[in-house]
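The structure appears right after this line, and notes come after that.
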Amino acid sequence: MVRRIAGVETEYGITCTFDGRRRLGPEEIARYVFRPIVDTYGSANVFLPNAGRLYLDVGSHPEYATPECDSIAQLLTYDKAGDQIVDQLAQQAEISLAQEGIAGQVFLFKNNVDSFGNSYGCHENYLVSRSTVLRTLGNVLLPFLITRQLLVGAGKIYRPLVRSEQDPFGLGYCISQRADHVWEGVSSATTRSRPIINTRDEPHADSRQYRRLHIIVGDSNMAEPTFALKIGSTLLVLELIEAGWPLPDFALENEIASIREIARDTTGNTPIRLRNGNQVSALEIQRAYCDAATQWLKQRPQRASGVLDSDLHRVVDLWDRVLRAIETQDFSAVDTEIDWVIKRKLLERFQHRHGFELDHPKLLQVDLAYHDVRQGRGLYSVLESKGLVQRWIDPAGITQAASGVAPQTTRAKLRGEFLSAAYDLQASVTVDWMRLKVNRPEPISVELGDPFATIDDRVDELIEYMKTQRGI
């Protein structure tokens with residue numbers, strides 16, 4: 001079984017307002033946000049000393065990609081470090097605006113859809129063995145991913161044509177923000193026709209041994225336990241596939257129709273027709289995967305894929321509790337851990353307290369403010385400061401990761417050491433996920449095909465070369 005590496009790419013929504021009205025367009029405010037990056041690194045597309053990548057994506061979305069991580073807690077730490085990094089940039093942008101006489105607040109949202117209906121993504125990447133058949137991955141993973149939103153959706157208000165019994169408060173509520181914005185099951189497209197699984201063969205590792213599984217259907221998560229469940233449950237299903245564990249045939253008759261229907265049913269009971277003619281519910285599909293993962297953990301080889309058993313036992317415990325909550329419709333056991341449940345509880349309280357209708361601006365504002373990454377201002381951070389949401393990791397590690405410390409157990413360590421030296425020495429370098437290059441005076445480069453390597457004499461030699469040229 002291949003040792004596992006994972007990474008997450010997060011696109012943030014961005015806006016600048018004054019007195020509740022738009023002050024600057026996305027392109028304008030993005031320039032202010034990225035000004036310190038351009039001033040420091042000479043580009044708006046850079047690898048940071050913590051070995052992650054920060055750049056401005058299409059549509060003026062700041063995007064942060066974590067470095068390669070080999071545990072759930074580590075990946076969560078570096079994902080949250082991205083929130084801190086863009087928060088700091090937003091604070092600096094507000095200072096720059098004020099110095100230029102422009103009043104306004106900069107908002108960065110870790111969500112997946114704007115007020116105009118445009119979607120931006122949260123992409124998951126998993127290292128898998130080249131020997132794993134892509135068709136097998138797709139057949140087993142698609143039913144899991146389509147129903148996974150029951151566990152880890154971010155939730156959002158939507159406007160139903162009629163009020164249903166599932167929405168006793170008159171609130172049209174969708175479990176997932178991304179469900180309406182995918183159009184295929186498996187394909188090589190990304191934006192033209194978004195698939196659930198992207199098949200572009202770009203492993204960022206030795207292509208003879210590995211492929212990169214690129215999943216683009218998931219919601220961005222604010223709650224740490226939700227993120228851990230999203231990544232951990234997927235890692236477990238990948239282990240089940242690689243171990244040849246027997247799983248039911250849940251190939252769906254209509255994948256895209258099903259993902260939309262499931263997103264609008266918080267009971268998980270929407271009937272889903274399978275290609276074999278049978279009919280099951282989303283809840284039944286998830287229960288089957290959860291039960292299989294539970295049995296797998298009882299005989300799983302120690303550190304079978306590099307992911308600690310203790311982390312996975314926590315994941316399965318939460319997975320089971322979420323499914324029980326959906327089955328019973330009593331969410332009290334998970335309403336401090338699961339994003340869509342936390343947010344719905346907030347919205348229902350506002351409705352009760354103020355008698356708001358579904359489309360009241362205040363409710364829509366609460367929906368959006370939940371995803372504001374600005375510390376002390378975003379509703380999620382307020383809940384966190386009051387102990388009303390649970391944590392999964394030590395916050396001190398997040399601050400360390402945001403300050404420039406790379407993961408020490410993957411190839412990211414080498415990239416981080418190289419970049420820290422290059423930036424300190426003001427050396428001209430070029431970096432991507434696999435390659436480190438000193439550009440001057442004589443170009444010298446190193447390719448790192450092993451994503452698990454943490455020691456490499458060639459990288460040490462590159463750093464010494466940079467020091468020699470600076471006379472150090």
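Predicted model, so just to flag it, every value in this text is computed and none were measured. In what follows, every heavy atom counts, from backbone to side chain, and hydrogens, waters and symmetry copies are set aside. Sequential numbering from 1 along the given sequence is applied to the chain's residues.
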Kindly give the heavy-atom pair with the smallest separation between [X] and [Y], and that separation in Å.
{"X": "I196", "Y": "V182", "value": "CG1-CG2, 4.2 Å"}
{"X": "P451", "Y": "L127", "value": "CG-CD2, 3.8 Å"}
{"X": "G185", "Y": "I256", "value": "N-CD1, 4.3 Å"}
{"X": "R344", "Y": "T266", "value": "NH1-OG1, 3.5 Å"}
{"X": "G7", "Y": "L75", "value": "CA-CD1, 3.8 Å"}
{"X": "V106", "Y": "A93", "value": "CG2-CB, 4.2 Å"}

Practice problem: For F418 and F47, run side chain to side chain contact (heavy atoms under 4.5 Å, CB included): C-alpha distance rounded to whole Å, both residues' side-chain angles, the deciding distance at 0.1 Å, then the answer. | Solution: CA-CA 11 Å; F418 176 80; F47 278 85; over 6 Å; no

Quiz item: With a 4.5 Å limit on heavy-atom distance, are the side chains of Y12 and F109 in contact?
Solution: no

Exercise. Taking the side chain as every heavy atom from C-beta outward, state whether V316 and R321 have any atom pair closer than 4.5 Å.
Key: no

My understanding is that only residues two or more places apart in sequence, or in another chain, count here; which of them pass side-chain hydrogen bond (donor to acceptor under 3.5 Å, both in side chains) with [X]?
{"X": "N125", "result": "E9, R212, H214"}
{"X": "K437", "result": "none"}
{"X": "Q375", "result": "none"}
{"X": "Y32", "result": "E100"}

Exercise. Could you list all the side chain to side chain donor-acceptor pair (under 3.5 Å) pairs where at least one residue sits in residues 222-235, not counting sequence neighbours?
Key: R148-T234, N221-K230, E224-R391

Tell me if a side-chain donor or acceptor on [X] pairs with a main-chain N or O of [Y] at a distance below 3.5 Å.
{"X": "R377", "Y": "D372", "answer": "no"}
{"X": "Q149", "Y": "I259", "answer": "yes"}
{"X": "T40", "Y": "I37", "answer": "no"}
{"X": "E255", "Y": "L252", "answer": "no"}

Quiz item: On the ring face of F107, is R374 found with NZ or CZ under 6.0 Å from the centre and within 45° of the axis?
Solution: no

Practice problem: Would you verify whether the NZ or CZ of R211 falls within 45 degrees of the ring axis of Y126 while also being under 6.0 Å from that six-membered ring's centre? | Solution: no

Distance alone, cut at 3.5 Å: any donor-acceptor contact between the side chains of [X] and [Y]?
{"X": "Y370", "Y": "D339", "value": "yes"}
{"X": "W433", "Y": "E68", "value": "no"}
{"X": "Q295", "Y": "D291", "value": "no"}
{"X": "S43", "Y": "N45", "value": "no"}
{"X": "N112", "Y": "S220", "value": "yes"}
{"X": "S176", "Y": "D219", "value": "yes"}
{"X": "T17", "Y": "Q105", "value": "no"}

Quiz item: Which word best sums up how the rings of Y289 and F250 line up, parallel for under 30°, tilted for 30 to 60°, or perpendicular for over 60°?
Solution: tilted

Between [Y] and [X], is the closest basic N to carboxylate O distance under 4.0 Å?
{"X": "D317", "Y": "R314", "result": "no"}
{"X": "R415", "Y": "D432", "result": "no"}
{"X": "D206", "Y": "R208", "result": "yes"}
{"X": "D201", "Y": "R130", "result": "yes"}
{"X": "R458", "Y": "E447", "result": "no"}
{"X": "D39", "Y": "R35", "result": "no"}
{"X": "E417", "Y": "R411", "result": "no"}

Self-check item: Verdict with supporting geometry, Y120 and D114, side chain to side chain donor-acceptor pair (under 3.5 Å)
Solution: CA-CA 8 Å; Y120 34 96; D114 64 19; 5.9 Å; no

Got a second to check how far [X]'s [atom1] is from [Y]'s [atom2], nearest 0.5 Å?
{"X": "K156", "Y": "L347", "atom1": "NZ", "atom2": "CG", "answer": "13.5 Å"}
{"X": "L312", "Y": "L236", "atom1": "CG", "atom2": "CG", "answer": "4.5 Å"}
{"X": "L150", "Y": "I338", "atom1": "CG", "atom2": "CD1", "answer": "11.0 Å"}
{"X": "Y158", "Y": "Y173", "atom1": "OH", "atom2": "OH", "answer": "12.0 Å"}
{"X": "L137", "Y": "I197", "atom1": "CG", "atom2": "CD1", "answer": "7.0 Å"}

Quiz item: Taking the six-membered ring where the residue is Trp, are the ring centres of W392 and F227 under 6.0 Å apart?
Solution: no

Quiz item: When the aromatic ring centroids of Y55 and Y64 are compared, is their separation below 6.0 Å?
Solution: no

Exercise. Only counting residues at least two apart or in another chain, list the ones meeting side-chain contact (heavy atoms from CB on, under 4.5 Å) with T409.
Key: D70, Q74

Self-check item: Matching residue for V438 among T430, L462, V446 - test: side-chain contact (heavy atoms from CB on, under 4.5 Å)
Solution: L462

Exercise. Decide yes or no on side chain to side chain donor-acceptor pair (under 3.5 Å) for Q390 and T336, but give the supporting numbers first.
Key: CA-CA 6 Å; Q390 292 191 34; T336 60; 3.1 Å; yes

Practice problem: Any chance you could lay out the salt bridge (Lys or Arg N to Asp or Glu O under 4.0 Å) test for K343 and D335, step after step, and finish with the verdict? | Solution: CA-CA 9 Å; K343 190 203 284 187; D335 64 3; over 6 Å; no

Quiz item: Between R264 and D180, is a side chain to side chain contact (heavy atoms under 4.5 Å, CB included) present by the stated rule, with each step listed?
Solution: CA-CA 10 Å; R264 284 163 173 76; D180 284 348; 2.6 Å; yes

Quiz item: Counting heavy atoms not belonging to E27, are there more than 12 under 6.0 Å from its CD?
Solution: no

Quiz item: Do V405 and N50 pass the side chain to side chain contact (heavy atoms under 4.5 Å, CB included) test, and can you show the C-alpha distance, the side-chain angles, and the key distance before you say yes or no?
Solution: CA-CA 5 Å; V405 178; N50 76 354; 6.0 Å; no

Quiz item: When you look at E63 and L54, which way does the side chain to side chain contact (heavy atoms under 4.5 Å, CB included) test go after all the steps?
Solution: CA-CA 6 Å; E63 178 163 349; L54 179 68; over 6 Å; no

Quiz prompt | side chain to side chain donor-acceptor pair (under 3.5 Å) assessment of Q286 paired with W319 | solution = CA-CA 9 Å; Q286 273 300 311; W319 193 348; 3.0 Å; yes

Self-check item: Candidate list Q177, R178, E11, test side chain to side chain donor-acceptor pair (under 3.5 Å), partner S119, passing option
Solution: R178

